[in-house]
K.L.:
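The structure is given below, and queries will be raised subsequently.
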Amino acid sequence: MLLGVIADDFTGASDIANTLAKGLPGQGGLRTTQYLGIPDRPASAEVEAGVIALKSRSIPAGEAVAQSLAALSWLRAQGCRQFVFKYCSTFDSTPAGNIGPVGEALAQALGVKGVIACPAFPTVGRTVYRGHLFVHDRLLSESGLENHPLNPMTDPDLRRWLARQCQTPVGAVTWPTVHAGSDGLRAALIEAAARGETLVIVDALSDDDLVTIGRACDGVPLLTGGSGIALGLAANFLRAGAASGGGVNFAGIDGPEAILAGSCSGATRGQIEVHAASHPVLHVGVEDVLAGRTRALDVVDFICAHPSEAPLVYSAGGPEEVAALQQKHGREQIAEAIENLFATVARTLVAFGIRRLVVAGGETSGAVVSALKLDALTIGPEIDPGVPVLFTATDRPVALALKSGNFGAPDFFAKALRRLGGSA
Ligand SMILES: Nc1ncnc2c1ncn2[C@@H]1O[C@H](COP(=O)(O)OP(=O)(O)O)[C@@H](O)[C@H]1O
Ligand SMILES: O=C(O)[C@@H](O)C(=O)COP(=O)(O)O
């Protein structure tokens, strides 16, 4: 294994796995596998990039550090020499962590400083300028992410936000240095290390900037950021002689289908509205779930009544409603109840024969996929930017799409089920 990725949530893991498997246009990517948690056995010899999906983004920082270091240890044992810590392109975290604590712990374990920290992903509108994160044409704090149920992003200044999480100084490299090329960027990161700066926020406005970053980080032990910083990494390994993984043949998987949406993001709520116009949908109310009036079997009954009609179950509410419910019942209590519901539903559905499953939300995907007790997923074709087809190679194959809350076109849900079935 050449490259090891530690991802703090499951949708983010499939996002960066997609980037590594695709590579740059016309050049191909790396043979990539997404592991669901830390594997208990060695990787297959043909895997060139291993992405370990953790569910560590919103847990206490100490636990996130421990899990991430254990993942690093497994990846090092597979022969990896370069590592990426993958977090959200909208820097989802709180002032208490976990990007800073995990990034610093990985850097310390690898004996490095001057480590890039860049969430830019221009394809989906995430750019970084003078250390400030933009989502399309809005600052992060005015993009809707300020209303995230678990990690409200209220400060677009990533240097200031990260400094609240870190024990060591946070550096910055601005866009003119990046735009000037990889040699200058590499030198700037070395200078930052000499100043004792562990994580360094690096500006990026375009895919060209991301390719510059990838080239500057050729051979560098650790990078941190969104999937965008991996854009140029496969090319480094291909130049060094790795075989292009090429596209994976995915013929599609037949069988009953379902969509489970635990995300409250604006993009997901818009996609639900589009889907509801022509498909059966069921809203599960938070208070009905908490009170036991809505149980997993009620949801399973709904899905099983519409096995081939792209049935969708969602829990999302608007920002004001979410905030009021969290005030009344507690943020963590609601998160746990809704995630547990979707996890139980998914496990039951797959046991009943569901073979195509679309999940919306990173935490939701972590709960669902963990409940399915799968150990690895193969990366298939891209459905929308940042969201690939994932499938198992087991005797009862399942095809999945794990959609980041803010990713996907308005018609994503129906399109994803078609792609999981092997059609356009
Ligand atoms: N109506 C709701 N009110 C409060 N929290 C909710 C509601 N619906 C879902 N949640 C919780 O909000 C969190 C959404 O996080 P996640 O699944 O990662 O979505 P995203 O990808 O949009 O961040 C989950 O913990 C989920 O259980
Ligand atoms: O980088 C991204 O935006 C995604 O890969 C991701 O991590 C999104 O997280 P969720 O919004 O929690 O799905």
Side-chain angles (χ1 to χ4, degrees), residues 5 7-19 34 51 53-59 84-93 99 118-126 133 135 140 143-145 147-153 224-230 260-272 283-290 294 313-343 359-369 384-388 401-408:
V5 179
D8 68 355
D9 88 346
F10 278 51
T11 49
S14 61
D15 176 11
I16 195 167
N18 178 55
T19 299
Q34 176 172 340
V51 180
L54 300 176
K55 193 175 185 295
S56 60
R57 180 172 296 178
S58 303
I59 65 176
V84 177
F85 169 35
K86 167 41 179 84
Y87 42 78
C88 191
S89 66
T90 49
F91 222 72
D92 293 16
S93 59
I99 295 172
C118 180
F121 190 0
T123 302
V124 292
R126 277 76 166 152
L133 180 53
V135 179
L140 176 63
S143 66
L145 272 299
N147 299 316
H148 190 281
L150 302 180
N151 298 303
M153 299 310 296
T224 81
S227 62
I229 55 160
L260 305 178
S263 168
C264 296
S265 74
T268 295
R269 290 167 53 220
Q271 291 156 346
I272 292 168
H283 179 246
V284 291
V286 166
E287 293 191 312
D288 288 331
V289 175
L290 291 172
T294 297
V313 180
Y314 72 99
S315 63
E320 298 76 16
E321 179 190 356
V322 165
L325 286 166
Q326 290 179 326
Q327 183 69 30
K328 183 176 178 183
H329 299 289
R331 175 178 297 185
E332 285 72 24
Q333 287 78 356
I334 294 174
E336 183 179 1
I338 299 294
E339 289 177 29
N340 287 344
L341 175 78
F342 281 126
V359 188
E363 300 292 345
T364 305
S365 295
V368 163
V369 176
D384 271 338
V387 191
L402 306 181
K403 185 195 82 77
S404 298
N406 285 295
F407 286 5

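Atoms within a ligand are numbered from 1 in the order they appear, just like the ligands themselves. This is a predicted model, so every value here is computed, not measured.
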K.L.:
Applying a 4.0 Å heavy-atom criterion (strictly less than), which segment of Ile16 is in contact with ligand 2: side chain, backbone, both, or neither?
P.N.:
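The answer is neither.
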K.L.:
Within the structure, does Gly362 bring an N/O atom to less than 3.5 angstrom of an N/O atom in ligand 2?
P.N.:
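Right, the criterion is met.
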K.L.:
So for ligand 2, is Ser89 a polar contact partner (N or O within less than 3.5 Å, distance only)?
P.N.:
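Yes: some nitrogen or oxygen of Ser89 is under 3.5 Å from one in ligand 2.
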K.L.:
Should you measure from each heavy atom of Arg57, which atoms of ligand 2 turn up under 4.0 Å away?
P.N.:
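Atoms satisfying the 4.0 Å criterion: 6 (C), 7 (O), 8 (C), 9 (O), 10 (P), 12 (O).
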K.L.:
To the nearest 0.5 angstrom, please state how far the CZ atom of Phe342 sits from the OG1 atom of Thr364.
P.N.:
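Nearest 0.5 Å value for the CZ-OG1 distance: 6.5 Å.
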K.L.:
Within the 4.0 Å heavy-atom shell around Gly12, which atoms of ligand 2 are there?
P.N.:
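Answer, ordered by atom number: 5 (O), 7 (O).
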K.L.:
So which heavy atom on Tyr87 is nearest to which on Asp8, and how close?
P.N.:
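The answer is CB-OD2, 3.4 Å.
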K.L.:
Could you tell me whether ligand 2 has any atom less than 4.0 Å away from a heavy atom of Phe407?
P.N.:
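A heavy atom of Phe407 does come that close to ligand 2.
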K.L.:
Check Ala360 against Thr268 and note the closest heavy-atom contact, atom names and distance.
P.N.:
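What the structure gives for the nearest pair is CB-CG2, 4.1 Å.
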K.L.:
Given the rule in the side-chain contact (heavy atoms from CB on, under 4.5 Å) test, do Val359 and Phe10 qualify, once you have shown the distances and angles that lead to the verdict?
P.N.:
CA-CA 10 Å; Val359 188; Phe10 278 51; over 6 Å; no
K.L.:
Determine, step by step, whether Met153 and Ser93 satisfy the side-chain contact (heavy atoms from CB on, under 4.5 Å) criterion, reporting the C-alpha distance in whole Å, the side-chain angles of both residues, the deciding distance to 0.1 Å, and the verdict.
P.N.:
CA-CA 7 Å; Met153 299 310 296; Ser93 59; 4.3 Å; yes
K.L.:
What is the nearest protein non-hydrogen atom to atom 13 (O) of ligand 2, stated with its residue, atom name and distance?
P.N.:
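Here the closest protein heavy atom is Thr11 OG1, 2.8 Å.
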K.L.:
Anything with a heavy atom under 4.0 Å from ligand 1 counts, so go ahead and list those protein residues by chain and number.
P.N.:
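For ligand 1, the contacting residues are His148, Pro149, Leu150, Gly262, Ser263, Cys264, Ser265, Val286, Ser315, Gly317, Val322, Ile334, Ala335, Ile338, Glu339, Gly361, Gly362, Glu363, Thr364, Gly405.
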K.L.:
Among all protein heavy atoms in this structure, tell me which lies nearest to atom 5 (O) of ligand 2, with the distance rounded to 0.1 Å.
P.N.:
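Atom 5 (O) of ligand 2 sits closest to the protein heavy atom Asp15 OD2, 2.7 Å.
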K.L.:
With heavy atoms of Cys88 as the reference, note each atom of ligand 2 found under 4.0 Å away.
P.N.:
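So the atoms of ligand 2 that pass are 1 (O), 2 (C), 3 (O), 6 (C), 7 (O), 8 (C), 9 (O).
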K.L.:
In Å and rounded to the nearest 0.5 Å, what is the OG to CD1 distance from Ser263 to Ile338?
P.N.:
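Reported value, rounded in 0.5 Å steps: 12.5 Å.
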K.L.:
Identify every side-chain donor-acceptor pair in residues 313-330 under 3.5 Å, counting partners at least two apart or on other chains, and give the distances.
P.N.:
{"residue": "Gln326", "atom": "NE2", "partner": "Pro149", "partner atom": "O", "Å": "2.9"}
{"residue": "Lys328", "atom": "NZ", "partner": "Glu287", "partner atom": "OE2", "Å": "2.8"}
{"residue": "His329", "atom": "NE2", "partner": "Glu287", "partner atom": "OE2", "Å": "2.7"}

K.L.:
Between Asp9 and ligand 2, does any nitrogen or oxygen pair lie at a separation below 3.5 Å?
P.N.:
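By distance alone, the answer is yes.
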K.L.:
Mind running side-chain contact (heavy atoms from CB on, under 4.5 Å) on Leu145 and Asn406 for me, showing each step along the way?
P.N.:
CA-CA 9 Å; Leu145 272 299; Asn406 285 295; 3.7 Å; yes
K.L.:
Quick one: nearest non-hydrogen protein atom to atom 11 (O) of ligand 2, plus distance?
P.N.:
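For atom 11 (O) of ligand 2, the nearest protein heavy atom comes out as Gly405 N, 3.5 Å.
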K.L.:
Identify the protein heavy atom lying closest to atom 4 (C) of ligand 2, giving its residue, its atom name and the separation to 0.1 Å.
P.N.:
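Looking only at protein heavy atoms, the one closest to atom 4 (C) of ligand 2 is Ser404 OG, 3.3 Å.
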K.L.:
Should Asp9 and Cys88 be marked as a side-chain contact (heavy atoms from CB on, under 4.5 Å) after you check the CA-CA gap, both sets of side-chain angles, and the distance that decides it?
P.N.:
CA-CA 8 Å; Asp9 88 346; Cys88 191; over 6 Å; no
K.L.:
Do any N or O atoms from the side chain of Asp384 and from the backbone of Val387 form a donor-acceptor pair under 3.5 angstrom?
P.N.:
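Not a single qualifying donor-acceptor pair exists.
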K.L.:
Keeping the roles fixed (side chain from Gln34, backbone from Ala17), state whether a donor-acceptor pair exists under 3.5 Å.
P.N.:
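Looks like no, no N/O pair under 3.5 Å.
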K.L.:
Within the structure, does Lys86 bring an N/O atom to less than 3.5 angstrom of an N/O atom in ligand 2?
P.N.:
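For ligand 2, there is an N or O atom that lies under 3.5 Å from one belonging to Lys86.
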K.L.:
Quiz question: by atom type and distance under 3.5 Å, do the side chains of Asn18 and Ser227 form a donor-acceptor pair?
P.N.:
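No pair is found: no donor N or O on one side chain lies under 3.5 Å from an acceptor on the other.
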